[in-house]
Amino acid sequence: MTPESDETKSSPNFIRDIIQKDISEHKHQHIITRFPPEPNGYLHVGHAKSICLNFGIAEDFKGDCNLRFDDTNPEKEEQEYIDSIREDIEWLGFHWKTNPSASDYFDQLYDYAVRLIKLGLAYVDSQNADETRNNRGTLTEAGKNSPFRDRSIEENLQLFEDMKNDKFSDGEYVLRAKIDMASPNIKMRDPVIYRIRHATHHNTGDKWCIYPMYDFTHCLSDMIEGITHSLCTLEFEDHRPLYDWILDKLETPCHPQQIEFARLQIKYTLTSKRLLNQLVQEKIVDGWNDPRMPTISGMRRRGFTPESIKTFSDIIGVTKKNSTIEMGVLENCLREDLNARATRRMAVLHPLKVIIENYPENEVEMITGKNHPQNPEFGTREIPFSREIYIEQEDFMEDAPRKFFRLSAGREVRLRFAYYITCKEVIKNDDGTIRELICTYDPESKGGQSPDGRKVKGTIHWVSAEHSTTTTVQLYDRLFNVENPSKLKELHQALNPESLIIIKNSKLEPAIDCERQPLAYQFERLGYFIADLNSSNESPVFNRTMTLRDSWAKIEKEQSRS
RNA sequence: UGGGCCGUCGCCAAGCGGUAAGGCACUAGGUUUUGAUCCUAGCAUGCGUAGGUUCGAAUCCUGCCGGCCCAGCCA
């Protein structure tokens, strides 16, 4: 392995170790993994971890990864979700070898079920759902055999065929694997493998009225595709004996290895399709792609980059330990990527008018600003400067503490790339709020340096009033104010009322493009911002992707505490 | 309570019998026309706990404690 290829590969983990060993021992020559979502919702960060794992392994071991829709429950699945899943995976930058659906295998699956019956290892049960549950036993007590467990193979064959041929109504019969009703592993107590469901399937239409269950479908689908390593989350550990049992009894040509890893949990957020769906259905958020959602589409709309999500998935690791990662880790990955790649611009979120009284009235001059402070390849742009400008309300304080490096009465500050200004007068409204500032500028300080070399500690951003664009800005924060919202009885209990703040009257410098771009801007000193999907030059809307690190906020908080 | 799995720094996480990597967070400095970035330093005599094996244990053994998952005709 060359050092170069080393860099592009992902971090080692126990699953990669297993695969590496299998290759060394010539157990496999070509690795095939799969990402198998059920198309019943949108993909979220938790899925991203699995996608990066499965597709990443395929890339690094020069194998393949299939995208397989696990679509065995027609009542929950829709084409809309299929489309979004494909879009999200492609956006992340991964490519699948093939994109089958479990429903493509329904004929084969049916044949395998028949084979299991012929082997005397499956039977048609006439118990209803309640009876089945009551006879399953408990965690500590064995279950009871179904009174229909010993039907003849012929009778089972006939009943199963009748099930398929629409002779019965939903719930009347099920096909069960004949394993052991006394197994300490409840998953092995004669699991249902086929049920009757009169529903139109998005892929197979009305061809079928019986549908195979997950446990029967998954192992066989993996086997059909020649998957070598079937990676899934920890809650399926108890299913593995069943996965293996089915493949063993059917003596299939190959036997994929199921390996389980811990699912991703992030503090203050949800990684459960069911609960995310609830947020959407109850209109707590604006849809699956609401920028506050931890869905791939929400994150994309918010301004996350695929690279940051991949880096995150890589550094959090893959283990069997349930853990909850801090949001800060994801945020750091985003900031790291955006800091290197985002073009700098100036914008004022909460404008405060500043009149520079000694600047000529109708004059406009162009100021040159770097598009990136460290990287000259980004070039420069011209920024108009004039007598009336806007600065951030937060950047002025009438009587400021010693450590406040910004503008205050009588003090001097640098306007980024432009001039030094000194505050001469504060004009107030009748209610005492500040209306505007009268300042003077030092013509000698053009570009932000003065010939006398005097030190000006503070530098603030600004925008020429006349040349600015007015925009709406949406600020986002965590949706919940509790660490583990999935434990909540009621999601409403812990909603963060400030998860979305809309600012109507923010000002942008002219060089900002208000049509959606692939990469966020950095608005200097404020954070990373990206035009929303609905933004246009006529009515601009920017989403704050992420704030900058803010050590001043920390100092401020400490000061107010003491 | 039967079965399965898991406990290494505040949060992740390497480690696989030879004397505790790394990241995030945090703390203290330095550079800086973004209080950003960047740089430098600090941050587990300790690996859930109690014993045992060994010249040597986070790594092996035993007991205990704690956490997660399983009783859908969902996936």
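The chains referred to below are lettered A, B, ... by the order of the sequence lines, with proteins before strands, and numbering in each begins at 1.
The aromatic rings of A:Tyr211 and A:Phe106 stand perpendicular to each other, their planes meeting at an angle above 60°, with 30° marking the opposite boundary. Using a 30° and 60° split on the angle between ring planes, A:His218 and A:Tyr243 fall in the tilted class, from 30° to 60°. Ring geometry, A:Trp208 versus A:Tyr110: the interplanar angle falls from 30° to 60°, so the pair is classed tilted.
Contact annotation for A:Gln449: base contact, defined as any heavy-atom pair under 4.0 Å involving a base atom. A:Phe404 comes within 4.0 angstrom of a nucleotide base, judged by non-hydrogen atoms across all strands. If you check every strand for non-hydrogen atoms under 4.0 Å, A:Gln522 touches a base. Using a 4.0 Å heavy-atom distance criterion, A:Arg189 is classed as making no nucleic acid contact. Residue contacts for A:Lys370: at a heavy-atom cut-off of 4.0 Å it reaches no nucleic acid atom on any strand shown. Counting non-hydrogen atoms under 4.0 angstrom, A:Ser183 reaches nothing in the nucleic acid. Residue contacts for A:Thr319: at a heavy-atom cut-off of 4.0 Å it reaches the sugar-phosphate backbone alone, with no base atom in range.
A salt bridge between A:Asp60 and A:Arg16 is present, with a side-chain N of the basic residue lying under 4.0 Å from a carboxylate O of the acidic one. Using a 4.0 Å cut-off between a side-chain N of Lys or Arg and a carboxylate O of Asp or Glu, A:Lys76 and A:Glu38 do not qualify as a salt bridge. Look at A:Asp125 and A:Arg176 and you find a salt bridge, because one of the NZ, NE, NH1 or NH2 atoms lies within 4.0 Å of a carboxylate O, short of that distance. With respect to the salt-bridge test (charged N to carboxylate O, under 4.0 angstrom), the residues A:Arg345 and A:Glu524 do not qualify. With respect to the salt-bridge test (charged N to carboxylate O, under 4.0 angstrom), the residues A:Glu307 and A:Arg341 qualify.
Judged by Watson-Crick or G-U wobble contacts below 3.5 Å, the nucleotide B:G22 has B:C12 as its partner. With a cut-off of 3.5 Å on both Watson-Crick or G-U wobble distances, the partner of B:A57 is given as none. When Watson-Crick and G-U wobble pairs are counted only if both distances are under 3.5 Å, B:G66 pairs with B:C6.
For A:Lys320 and B:G4, the NZ to C1' distance is 10 Å, given to the nearest whole Å. Between A:Arg240 atom CZ and B:G3 atom P the separation is 17 Å, expressed in whole Å. Going from atom CZ of A:Phe14 over to atom P of B:C6 covers 9 Å, rounded to whole Å. A straight line from NZ of A:Lys321 to C1' of B:A14 spans 11 Å, rounded to a whole angstrom.
Between A:Ile316 and A:Lys446, the residue anchored closer to the 5' end of RNA chain B is A:Ile316, taking for each the nucleotide with the nearest heavy atom.
Among the nucleotides B:C5, B:G2, B:G35, the one closest to the side chain of A:Glu237 is B:C5.
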Protein-nucleic acid N or O pairs under 3.5 Å, nucleotides 21-27 of chain B:
{"from": "B:A25", "atom 1": "OP1", "to": "A:Arg549", "atom 2": "NE", "distance (Å)": "3.2"}
{"from": "B:A25", "atom 1": "OP1", "to": "A:Arg549", "atom 2": "NH2", "distance (Å)": "3.0"}
{"from": "B:C26", "atom 1": "OP1", "to": "A:Lys554", "atom 2": "NZ", "distance (Å)": "2.8"}

Exercise. Just by protein heavy atoms under 4.0 Å, how would nucleotides 69-75 of chain B read 5' to 3' in B, S and -?
Worked result: BBBSBSB
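For B:G10, the base adopts the anti conformation, since its glycosidic angle falls more than 90 degrees from zero.
When atom types are taken as modelled, the side chain of A:Asp190 and the backbone of A:Asp180 share a donor-acceptor pair closer than 3.5 angstrom. Side-chain N or O atoms of A:Arg414 include one that pairs as donor or acceptor with a backbone N or O of A:Val456 at under 3.5 Å.
Within 3.5 Å, a donor on the side chain of A:Arg406 pairs with an acceptor on the base of B:G35, or the reverse.
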